[in-house]
Each structure stands twice: as structure tokens, then as C-alpha cells.
Amino acid sequence: MFVRIELKNWRSIDDAQIDLAPFTVLVGRNSSGKSNVVDALVFADEVGRDAATAVSRRGGIESIRRWSHSKPFAVTIRLTVAKSAEGVDADRLTHLMVLKSGKEGEWSFNREQIEVVHEGERIAFLSRSAGTTTVNLHPGRQAQLFEAGDLPSTTSLMLLARQVGAFRARGAIRPPRVHRLRPVPELMREPHPPTESSRLTETADNIATVLNRMDSADKASVLAAMKQIVPGLIDIQANPAGRYVTLGFTQEHLADRRPEFLATEMSDGALRALAVVVAAQQMTPNELLVIEEPEVNLHPGAANVVYDVLHAASERGVVLITTHSPELLDRARDDEIQVCQYEDGVTKIGPLSSAQRDLVRQGLFSVAELMRADELRREGAPPRVVSD
């Protein structure tokens, strides 16, 4: 899966286009805007299901529009999903949304378009502007042009698109499911009531339930990865505790002892790694998994294991990680790296500069060495000026 997101007037980002390979590493200094890129991807997913909540949970339209401006204006997001970068003209879904701010925190969709192209042919086009909503579907598949009636000004066309079956054609591209993982070890250690969902939550607070419901093959894969991270690990289990369930571990202690212990005795790094491994194992073909700094609290060797797991998962969907780890950067291909730089109050994003890529490909420097010696630069960035 190939994903492209184009942003205008989004927080610290004035105007940017970011192409995500199946596996993408976003790197940049602290406060360069990496989290704003991540949240834009999450927002693009959430707005298609409940736009009003997506805006309000971020503090309103004032918190997502360009911070350096005081006058109301529009925030523009265009998300394109395709089977591959090369086949973007043949099979793709594009969702354009323009959110206009108003007085006293009010906002509305000023313009919105959804286009679905399948096997080189447009099979659906939904559009609205100036209060008019129009749906145009391919002849022979569904009804042709009709007026759908005006949607509420803060409701996305994506809800209508799903109802009219714009994504039901066999093999047609569908909106990606964006899963941002931000594991909280303190919550992972707490007993929790069994949940109905078997999907890992953003904080991984339901991880015991998820492991309990995993099939044996998936759980075996999780355990195999964690054995490379936790010395002497034998098993991971969900232990019932009345109406609750807790996370438990079995680890070799002495030759004849295999004690069980709770997650309260497990390090933050190991718990975070477990959440990442489980999320990677659960990835579906239409999923975008986003993880910020998966290497936190991990030994470099354990971080490499997590990297391998995530890279393997990218064969099923798209994986985006942000990182400050030189070790992880050295594992990534130079064409998998996107660089985030903060220049004159604006976040700029782009692929690693061709000059630095040439240095890496010629074997003169590794990516980590370039980062330690200077900072990684995006393509098109002006050369750094060093003054006396």
C-alpha cells in the first residue's frame, strides 16, 4: 500500500506533501513537527468517521490550523491511497477535505471530494461545496448522478461514501485504518476487565485480553520475538483475577525453577516492546500503523528486534515510525527516510537529500554518522551556513 498526504495550514506545517513507502522512518530534531505529521494521518482517518469529535478532541479548529496566523482561513488535507506508487493512476482513493474556520471556534467543511479509481476507471466521485452535495457513480454499478441532500456542515462525505458502496467493487482501494500506538506501561500493568474487542488499543491497556484471544500461531510469533528481548522468557499469559485479567510472564530462574511473575515486575521497555510486537502481528492489509519512538527504554539489540518485526509487518500494510535512534536509522534504507526540519517557524518535510544519500550509497558515511556529525537534511533544503 502507498499513502500520500498533502497538508496546507496544518499546525506548524504551511504546505507539505509526504509520501509513505510501505515502511517509512520519519526523523528530525525535537519539536521539528514530526508529531504534527503523525496526527494529521490519524486525523484524516478519524474525520471520516466522526469529524466533530476529531476536531474537538484536538482543542478545536484554532488548535489545528496554522499557529502563526490569527485570521480565520482553511485547513486543507488531501489523502491519497494506492496499491503502489507506480500504480497510483490505475487504482487509488483520494479524499480531499477543506475545513474552514469561523467565528468563536466554529468550523465547517468548505469543500470536500472523494474519488475512487479502479483498474484505471473512475467508479465513484463524491463532491460538495457551497452547501451542495453531489454523488456520481459509474454507470452499471449503481445509480448515476443524483443529489444526495445536504449533509450537516461538520459531517464528512466519507460516511455517505460508505453507505452508497463506493468502496465495494472487488479489489477497489478502501480508506486505510490508521492505528496509532502509544503504549503506556503503567496501564498495561493494571488488571482490566475483559473487553469485547480483540484489537489492541492506542495505550495497549487491554493487552492481556488481546493475547488471550490471539490464535496459537500469532501468539507463538509474539513469543518468539519477545524471547529475543527478555532473557530466559518462556511464556506470556493472561491470568484471571476475579472479574479482571492481568498480564503474566514465565521466565527461567534456575535450572529447576520457572517462576511466574506479573507485569508489575517487567520493565517499561519490555512492556512497550510487547505492545509494538502485538500491534505488528495484528496488522491487516489495509492498515497504517504509526508508532512514535519505538526504541524508547530499549537496549539497542532489543530495538533491532522491534525494527525487524515492524519491517516484516510492512509487507501487509504501511508502517510509519518516528525515531531518534542512530541504530534504527542505519537499518533503514535511505529511500525509506523522510526528514522533518523546522525552518523560520515552519515545518518542512521531504526525503533525505540526494547529496547525503550519495554519501551513504558510496559507503563514505552511514546515516547514523551523518546525523551525529550534522543533521539529516531533506531534499531541497538550503545548505547549512556555519558562521565564525
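This structure is a prediction, so every number in the text was calculated from the model and none was measured.
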- [ ] Give a yes or no answer on whether the side chain of Gln282 reaches the backbone of Leu200 with a donor-acceptor pair at less than 3.5 Å.
- [x] yes
Open item on the list: Just by distance, no angles: are the side chains of Arg65 and Ser101 close enough, under 3.5 Å, to form a donor-acceptor pair?
Closed with: yes
- [ ] Taking Thr24 for its side chain and Leu20 for its backbone only, find out whether a donor-acceptor pair lies under 3.5 Å.
- [x] no
TODO: With the side chain counted from C-beta on, respond yes when Leu181 and Val276 share a heavy-atom pair under 4.5 Å apart, and no when they do not.
DONE: yes
- [ ] Rounded to the nearest 0.5 Å, what's the gap from CG on Leu271 to CD on Glu186? Could you check?
- [x] 9.0 Å
Task: Residues in ring-ring contact (aromatic ring centres under 6.0 Å, His included) contact with His192, at least two apart in sequence or another chain - done: none
Open item on the list: I need the Leu211 CG to Gln281 CD distance, nearest 0.5 Å.
Closed with: 10.5 Å
Open item on the list: For a 4.5 angstrom cut-off between non-hydrogen side-chain atoms, does Leu329 reach Val25?
Closed with: yes
- [ ] Using ring-ring contact (aromatic ring centres under 6.0 Å, His included) as the criterion, list what pairs up with Phe43, not counting sequence neighbours.
- [x] Trp10
- [ ] Output every pair passing salt bridge (Lys or Arg N to Asp or Glu O under 4.0 Å) with a member in residues 305-331, not counting sequence neighbours, ordered by first then second residue.
- [x] Asp308-Arg331
Task: Backbone N/O of Ile236 and side chain of Lys219: donor-acceptor pair under 3.5 Å - done: yes
- [ ] Please check if the side chain of Thr201 supplies one atom and the backbone of Asp205 the other of a donor-acceptor pair under 3.5 Å.
- [x] yes
Open item on the list: Could you check whether Ser35 and Glu292, counting side-chain N and O atoms only, form a donor-acceptor pair closer than 3.5 Å?
Closed with: yes
Task: Heavy-atom side-chain proximity of Ile123 to Val117 below 4.5 angstrom - done: no
Open item on the list: Looking only at the side chains, is there a donor atom on one of Thr347 and Ser12 sitting less than 3.5 Å from an acceptor on the other?
Closed with: yes
- [ ] Please examine the side chains of Leu233 and Leu223, heavy atoms only from C-beta on, and report whether any two atoms are closer than 4.5 Å.
- [x] yes
Open item on the list: Quick check on Tyr244: does its OH atom have over 12 non-hydrogen neighbours (other residues, nucleotides or ligands) under 6.0 Å away?
Closed with: no
- [ ] Compare every heavy atom of Pro176 with every heavy atom of Met1, then report the nearest pair and how far apart it is.
- [x] CE-CB, 4.2 Å
TODO: Mark yes or no for whether Arg162, through its side chain, and Gly48, through its backbone, hold a donor-acceptor pair below 3.5 Å.
DONE: yes
Open item on the list: Can you list everything that forms a ring-ring contact (aromatic ring centres under 6.0 Å, His included) with Phe2? Sequence neighbours excluded, please.
Closed with: none
TODO: Would you mind reporting whether Arg122 and Val116 have side-chain heavy atoms less than 4.5 Å apart?
DONE: no
Open item on the list: Around atom CZ of Arg361, are there more than 12 heavy atoms from other residues, nucleotides or ligands closer than 6.0 Å?
Closed with: yes
Task: Inter-residue atom distance Leu310.CG - Met283.CE, 0.5 Å rounding - done: 9.0 Å
Open item on the list: I need the minimum non-hydrogen distance between Pro326 and His324, along with the two atoms involved.
Closed with: CD-O, 3.2 Å
Open item on the list: With a 3.5 Å distance limit and no angle check, can you tell me whether Lys34 reaches the backbone of Arg29 through a side-chain donor-acceptor pair?
Closed with: yes
TODO: State whether the side chain of Gln356 and the backbone N or O of Ser353 hold a donor-acceptor pair below 3.5 Å, judged by distance alone.
DONE: no
TODO: For residues Asp14 and Asn9, determine if any side-chain heavy atom of one lies less than 4.5 Å from a side-chain heavy atom of the other.
DONE: yes
Open item on the list: Return the CZ to CE distance between Arg49 and Met158, rounded to the nearest 0.5 Å.
Closed with: 10.5 Å
Open item on the list: Test of understanding: clusters of I, L, V, M, F, W, Y form through side-chain heavy atoms closer than 4.5 Å, transitively. Do Leu26 and Val319 belong to the same one?
Closed with: no
Open item on the list: Treating Glu369 as the side-chain partner and Ser366 as the backbone partner, does any N or O pair qualify as donor plus acceptor under 3.5 Å?
Closed with: yes
TODO: May I ask you to check whether over 12 heavy atoms, not counting those of Asp215, lie within 6.0 Å of atom CG?
DONE: yes
Task: Sequence neighbours excluded - salt bridge (Lys or Arg N to Asp or Glu O under 4.0 Å) pairs with any residue from residues 260-279 - done: Arg189-Asp268
Open item on the list: So which atom in Met266 and which in Ala270 form the shortest heavy-atom distance, rounded to 0.1 Å?
Closed with: SD-CB, 3.4 Å
Open item on the list: Return the CZ to CG distance between Arg177 and Leu288, rounded to the nearest 0.5 Å.
Closed with: 10.5 Å
- [ ] Return the orientation label for the Phe23 and Tyr307 ring planes: parallel under 30°, perpendicular over 60°, tilted otherwise.
- [x] perpendicular
Task: Joint cluster assignment, Val88 & Ile173, ILVMFWY side-chain distance < 4.5 Å - done: no
Open item on the list: Test your reading of the model: is there a side-chain donor-acceptor pair from Arg11 to the backbone of Ser63, 3.5 Å cut-off?
Closed with: yes
- [ ] Nearest 0.5 Å please: distance from the CG atom of Asp15 over to the OG1 atom of Thr76.
- [x] 9.0 Å
Open item on the list: Distance alone, cut at 3.5 Å: any donor-acceptor contact between the side chains of His179 and Asp45?
Closed with: no
Open item on the list: Between Leu328 and Val37, is there shared hydrophobic-cluster membership here, with clusters defined by ILVMFWY side-chain heavy atoms closer than 4.5 Å?
Closed with: no
TODO: May I ask whether Val245 and Leu247 are part of the same hydrophobic cluster, defined by side-chain heavy atoms of I, L, V, M, F, W, Y residues being less than 4.5 angstrom apart, directly or through others?
DONE: no
Open item on the list: Is it true that Ser127 and Glu112 share a donor-acceptor pair across their side chains at a distance under 3.5 Å?
Closed with: no
Open item on the list: For a quick test of reading the model, state the closest non-hydrogen atom pair linking Val27 to Met371 and the distance between them.
Closed with: CG2-SD, 4.2 Å
- [ ] May I ask you to test the Ile18-Leu7 pair for a side-chain heavy-atom distance under 4.5 Å?
- [x] yes
Open item on the list: Test your reading of the model: is there a side-chain donor-acceptor pair from Gln338 to the backbone of Asp19, 3.5 Å cut-off?
Closed with: yes
TODO: Using the rule that two of Ile, Leu, Val, Met, Phe, Trp, Tyr join whenever any of their side-chain heavy atoms come within less than 4.5 Å, decide whether Met97 and Leu79 are in one cluster.
DONE: yes
Open item on the list: Check this for me: does any side-chain nitrogen of one of Glu343 and Arg378 sit under 4.0 Å from a carboxylate oxygen of the other?
Closed with: yes
Task: salt bridge (Lys or Arg N to Asp or Glu O under 4.0 Å) evaluation trace for Arg199 with Glu287 - done: CA-CA 12 Å; Arg199 294 286 302 182; Glu287 184 172 326; 2.7 Å; yes
Open item on the list: Between Ser354 and Glu379, is the side-chain hydrogen bond (donor to acceptor under 3.5 Å, both in side chains) condition met? List the steps.
Closed with: CA-CA 6 Å; Ser354 55; Glu379 186 68 25; 3.3 Å; yes
Task: Heavy-atom closest contact (Ser197 atom, Thr195 atom, distance) - done: O-OG1, 3.1 Å
- [ ] Side-chain contact test, heavy atoms from C-beta onward, threshold under 4.5 Å: evaluate it for Leu298 versus Val306 and give yes or no.
- [x] yes
TODO: Indicate whether the side chain of Glu295 and that of Thr323 have a donor and an acceptor atom separated by less than 3.5 Å.
DONE: yes
- [ ] Test salt bridge (Lys or Arg N to Asp or Glu O under 4.0 Å) on Asp334 and Arg357 and set out the steps.
- [x] CA-CA 6 Å; Asp334 54 28; Arg357 276 184 288 166; 5.5 Å; no
TODO: Not counting sequence neighbours, which residues clear ring-ring contact (aromatic ring centres under 6.0 Å, His included) with Phe365? List them please.
DONE: none
Open item on the list: How close do Gln237 and Asn239 get, counting heavy atoms only, and between which atoms?
Closed with: CG-OD1, 3.3 Å
TODO: Name the orientation class of the two ring planes belonging to Phe109 and Trp107 (parallel below 30°, tilted from 30 to 60°, perpendicular beyond 60°).
DONE: perpendicular
Open item on the list: If only side-chain N and O atoms count, and only distance matters, is there a donor-acceptor pair under 3.5 Å linking Glu46 with Thr53?
Closed with: no
